[in-house]
Amino acid sequence: MDPITVVLAIAGAAAGFGANSVITKRKVGSAEEQANKELARAKKEAAKLIDVAREEAAQTAEQVRKDENTRRKELKDIEQRLLDREETLDRKLDQIDKRTESLRKSEGEVEGLKDEIREIRKRQQEKLEKVAKLSKDEAAQKLMQMTERDIRNDLTGLVSKLQTEAQDLAEEKAAYIITSAMERMASEVTAERTVTAVKLEDEEMKGRIIGKEGRNIQALQRATGVDIMVDDTPGMIILSSFDPVRREVARQALEMLLKDGRVHPGRIEEIVEKAQKTVQKEVVRAGEDAAREVGVIGIPREVLQLLGELKYRTSYGQNVLRHSTEMAHIAGIIAEEVGANVKVAKYAALVHDLGKALTHKMEGKHHHISGEMLRKYGAPEAVAHAAEAHHDDMEATTTEALIVRVVDAISASRPGARNISAENFVERMKDLENVANSFTGIEKSYAISAGREVRVFVRPTDIDDLGAIKLARDIATKIESSMQYPGTIKVNVIRETRAIEFAK
């Protein structure tokens with residue numbers, strides 16, 4: 001390169017650098033001046049903020065001093081009130097101490113007066129005993145005797161009045177409920193009877209039934225478990241068994257054999273098996289129909305089986321299943337009237353005689369068997385108790401149990417419900433009169449109203465009015481414990497004094 005060119009280039013570069021340096025110095029000076037201005041402005045603003053902060057701090061401190069003074073004043077007031085209250089309590093304690101001391105003195109005076117009164121009473125009692133020549137116990141006994149003699153007639157009248165009022169109210173209410181229940185309940189009066197005899201169209205059929213050397217009748221008896229009597233009644237075959245279901249199986253089997261005409265051991269077994277299936281279906285259907293008729297659901301199948309067997313069971317000529325369904329209807333009506341559990345009352349009334357289907361198989365009274373079976377198959381305890389307590393040998397602890405007991409008497413004792421022979425009726429009337437005559441002081445007694453009432457006349461010299469009331473209860477208790485009867489028996493004890501004189 002040319003040296004001159006190089007020198008020119010260096011000179012140009014030096015000139016350019018110098019110019020840049022001058023420009024930079026001018027810019028730096030301007031920036032410092034600007035920074036100084038900003039710093040001065042910031043100092044002014046900081047001074048203002050410091051003044052504001054000092055002023056606010058002073059105000060806050062003043063407020064704190066005021067609050068502190070206020071709290072100190074409140075605390076001082078509270079302290080003063082506590083001091084005043086403490087002084088008041090001290091004064092009251094002093095008063096209580098003075099009053100306690102006064103009461104102690106008064107108690108001592110009262111005890112002294114009591115002792116003085118006791119001494120005076122003792123001296124008066126001793127003087128009275130000397131004057132009356134009676135001890136305290138003798139005087140008290142004599143006074144009691146006089147009082148009893150004076151108010152005896154009043155007590156007798158009051159007892160009689162209360163009994164009459166209670167009886168009238170109870171009878172009126174019970175009559176209304178029972179009458180309304182019977183009015184709404186319609187059932188046949190004539191009771192169904194279990195058939196135990198089979199009629200023969202031809203006497204020659206007896207020979208077929210008996211068979212050669214009695215093989216046919218023996219096979220029929222073995223298959224059914226029923227005693228069959230052929231020669232006793234002309235034109236009839238009598239079936240005898242304690243089990244009504246077996247008797248029904250035998251009846252149906254015998255009728256089918258008589259209709260078919262083919263009678264031999266093999267055919268007998270086939271027919272009996274067919275009759276058993278038929279009767280089993282009828283038993284279950286009868287139980288289901290009875291439950292459906294009275295509107296009770298949820299009965300275990302085993303209970304329905306036993307309930308259906310009651311279709312072939314009678315009691316004094318009254319069909320037990322029909323008696324049970326009738327009771328369930330009446331029990332539901334009465335339960336609704338008195339506010340009891342309608343479902344429990346109807347359920348218990350329907351199954352109360354369940355044990356009668358098993359009395360030939362199990363020992364015990366039928367109502368106890370009913371309760372046992374119901375508990376065994378899962379029926380509610382309220383139902384089991386109400387069914388078990390429908391006779392008087394077990395206490396009825398629920399309203400539903402009492403309802404079942406009442407409707408059992410209603411259904412069993414209504415006219416035409418049961419067949420009772422004239423001989424049994426007369427015997428029961430005599431037993432009723434003999435129970436009344438077994439008590440002392442009885443002049444005569446009569447069983448009236450078909451055994452629903454026993455009227456007892458007593459000797460007025462031997463039994464007073466209170467004794468007549470007690471005698472009526474004793475006779476009723478003895479009748480309950482020694483006799484069996486449907487419904488209730490009224491015991492009417494009559495005592496009267498007749499004064500007779502003749503004018504001459």
### Query
Are any of the side-chain heavy atoms of His390 and Asp353 separated by less than 4.5 Å?
yes
Min side-chain heavy-atom separation Ile299-Leu350 under 4.5 Å
yes
side-chain hydrogen bond (donor to acceptor under 3.5 Å, both in side chains) filter on Gln252, not counting sequence neighbours, yields Glu248, Glu282
Minimal heavy-atom distance between Gly287 and Leu307, with the atoms involved, is O-CD2, 3.9 Å
In this structure, OG1 of Thr461 is separated from CZ of Arg495 (nearest 0.5 Å) by 8.5 Å
The complete set of side-chain hydrogen bond (donor to acceptor under 3.5 Å, both in side chains) pairs with one or both residues in residues 294-306, sequence neighbours excluded, reads Gln280-Gln305, Gln305-Glu309
For Gly355 and Ile369 the tightest heavy-atom approach is CA-CG2, 3.8 Å
Separation between CD1 (Ile469) and CG (Leu466), nearest 0.5 Å, reads 5.5 Å
Asn492 meets the side chain to side chain contact (heavy atoms under 4.5 Å, CB included) criterion, sequence neighbours left out, with Glu453, Arg455, Ile494
Residues passing the side-chain hydrogen bond (donor to acceptor under 3.5 Å, both in side chains) test with Ser370, sequence neighbours excluded, are none
Where the side chain of Glu400 meets the backbone of Asn341, is there a donor-acceptor pair that is under 3.5 Å apart? yes
ask   = Within the side chain of Glu433, is there an N or O that forms a donor-acceptor pair under 3.5 Å with the backbone of Tyr446?
value = no
* To do: Run the salt-bridge test on Arg267 and Glu270 with the 4.0 Å N-O cut-off and return the result as yes or no.
  => yes
Problem set entry | CD1 (Ile297) with more than 12 external heavy atoms under 6.0 Å | no
Those residues at least two apart in sequence (or on a different chain) that pass salt bridge (charged side-chain N to carboxylate O under 4.0 Å, His left out) with Lys444 are none
Count the heavy atoms of every other residue, nucleotide or ligand shown that sit under 6.0 Å from CD of Glu443, and state whether that count exceeds 12. yes
Closest non-hydrogen contact found for Val226 with Arg246 is CG2-O, 3.5 Å
* To do: Without swapping roles, check the side chain of Lys490 against the backbone of Arg452 for a donor-acceptor pair under 3.5 Å.
  => no
Quiz: residues 372-380 side-chain donor-acceptor pairs under 3.5 angstrom, not counting sequence neighbours:
unit_1 : atom_1 : unit_2 : atom_2 : d
Arg375 : NE     : Glu381 : OE1    : 3.0
Arg375 : NE     : Glu381 : OE2    : 3.4
Arg375 : NH1    : Gly371 : O      : 3.4
Arg375 : NH1    : Glu388 : OE1    : 2.9
Arg375 : NH2    : Glu381 : OE2    : 3.2
Arg375 : NH2    : Glu388 : OE1    : 3.0

Residue set satisfying side-chain hydrogen bond (donor to acceptor under 3.5 Å, both in side chains) with Lys478, at least two apart, ordered chain then number -> Ser438
Residues passing the side chain to side chain contact (heavy atoms under 4.5 Å, CB included) test with Ala335, sequence neighbours excluded, are Ala340, Val342, Ala345, Ile403
Heavy atoms of Ala389 and Ala401 approach each other most closely as CB-CB, 4.4 Å
dist Arg247:CZ -> Leu254:CG (nearest 0.5 Å) comes out at 14.0 Å
*Would you say the side chain of Val491 lies within less than 4.5 Å of the side chain of Val493, judging by non-hydrogen atoms?*
yes
inquiry  = Counting only heavy atoms not in Arg473 (residues, nucleotides, ligands), do more than 12 fall under 6.0 Å from its CZ?
reply    = no
The side-chain hydrogen bond (donor to acceptor under 3.5 Å, both in side chains) partners of Asp431 (sequence neighbours excluded) come to none
In this structure, CG of Leu471 is separated from CG of Asp462 (nearest 0.5 Å) by 11.0 Å
### Query
Is any side-chain heavy atom of Leu402 closer than 4.5 Å to a side-chain heavy atom of Thr398?
no
Scanning both residues in full, the closest heavy-atom pair of Ala291 with Leu304 reads CB-CD2, 4.0 Å
Heavy-atom closest pair (Ala331 atom, Ala349 atom, distance to 0.1 Å) is CB-CB, 3.8 Å
Any side-chain heavy-atom pair from Leu321 and Lys311 closer than 4.5 angstrom?
-> yes
Checklist entry - Does the side chain of Asn437 come under 3.5 Å of the side chain of Ser445 through a donor N or O and an acceptor N or O? => result yes
Does the pair His366 and His352 meet the rule for a ring pair (Phe, Tyr, Trp, His ring centres under 6.0 Å), with working shown? CA-CA 9 Å; His366 73 276; His352 77 287; 7.5 Å; no
Applied to residues 291-300, the salt bridge (Lys or Arg N to Asp or Glu O under 4.0 Å) test, sequence neighbours excluded, yields Asp289-Arg292
Residue set satisfying side chain to side chain contact (heavy atoms under 4.5 Å, CB included) with Thr397, at least two apart, ordered chain then number -> His385, Glu395
TODO: Carefully, step by step, assess Val454 and Ile448 under the rule side-chain contact (heavy atoms from CB on, under 4.5 Å).
DONE: CA-CA 6 Å; Val454 55; Ile448 62 176; over 6 Å; no
Using a 4.5 Å cut-off on heavy atoms from C-beta on, say whether the side chain of His391 contacts that of Asp408. yes
- request: Starting from the C-alpha separation in whole Å, work towards a yes-or-no answer on side-chain contact (heavy atoms from CB on, under 4.5 Å) for Ile463 and Arg459.
  value: CA-CA 6 Å; Ile463 297 177; Arg459 290 187 288 272; over 6 Å; no
I'd like to know if Glu326 and Arg322 make a salt bridge, using a cut-off of under 4.0 Å between side-chain N and carboxylate O. no
dist Ile489:CD1 -> Ile475:CD1 (nearest 0.5 Å) comes out at 12.0 Å
Hits for side chain to side chain contact (heavy atoms under 4.5 Å, CB included) against Lys114, two or more places apart or cross-chain, chain-then-number order -> Val110, Glu111, Arg118
d(Leu310 CG, Thr325 OG1) to nearest 0.5 Å is 10.5 Å
